[in-house]
Amino acid sequence: MAAGASQPDKYDFALPDQYVAFGQKHHMFIVGHNLVWHNQIPAWVFHDDKGNLLTRDALLARMRDHIHTSSAATRERFKAGTW
């Protein structure tokens, strides 16, 4: 799930669940995709709740959380065949 599909500190896997359910129903091979893509990162990713730019460490922590949460959900819930 790309960062644009989520909100700060909130993850909603309803739409990806539907895609995967369709693929599983039709015996399709599930493939995980990019979780961070340079031209599809929403502005909120770079800012704190007051609109200030995040520090390097805060931004890396936010991206790490997004990657780990999304990839764990993909592995556990969607049973992706590959990444």
Side-chain angles (χ1 to χ4, degrees):
M1 181 171 72
S6 61
Q7 296 293 320
D9 304 319
K10 297 178 186 171
Y11 295 92
D12 180 3
F13 295 103
L15 187 57
D17 284 346
Q18 291 175 23
Y19 287 131
V20 172
F22 177 86
Q24 290 173 333
K25 179 180 177 182
H26 296 281
H27 308 287
M28 300 170 98
F29 186 74
I30 308 298
V31 177
H33 201 274
N34 297 346
L35 297 173
V36 179
W37 187 254
H38 67 92
N39 66 350
Q40 293 181 341
I41 300 176
W44 65 261
V45 171
F46 300 101
H47 297 87
D48 65 17
D49 58 350
K50 296 178 183 169
N52 300 312
L53 285 174
L54 291 176
T55 64
R56 176 186 180 275
D57 290 340
L59 180 58
L60 288 173
R62 183 171 281 177
M63 291 174 65
R64 190 173 297 113
D65 176 67
H66 171 73
I67 291 167
H68 287 200
T69 301
S70 297
S71 64
T74 300
R75 284 193 306 270
E76 294 302 317
R77 296 169 69 206
F78 305 156
K79 310 296 184 209
T82 189
W83 202 264

- Sequence neighbours left out, what passes side-chain contact (heavy atoms from CB on, under 4.5 Å) with Phe46? Give chain and number order. Ile41, Leu53, Leu59

- Message: Test question: given the 4.5 Å side-chain rule for I, L, V, M, F, W and Y, name all other residues clustered with Tyr19, or answer none.
- Response: Leu15

- When rounded to the nearest 0.5 Å, the distance separating CZ of Arg62 from CG of Asp48 is 8.0 Å

- At their closest point, which heavy atom of Val45 faces which heavy atom of Leu54, and how far apart are they? O-CD1, 3.2 Å

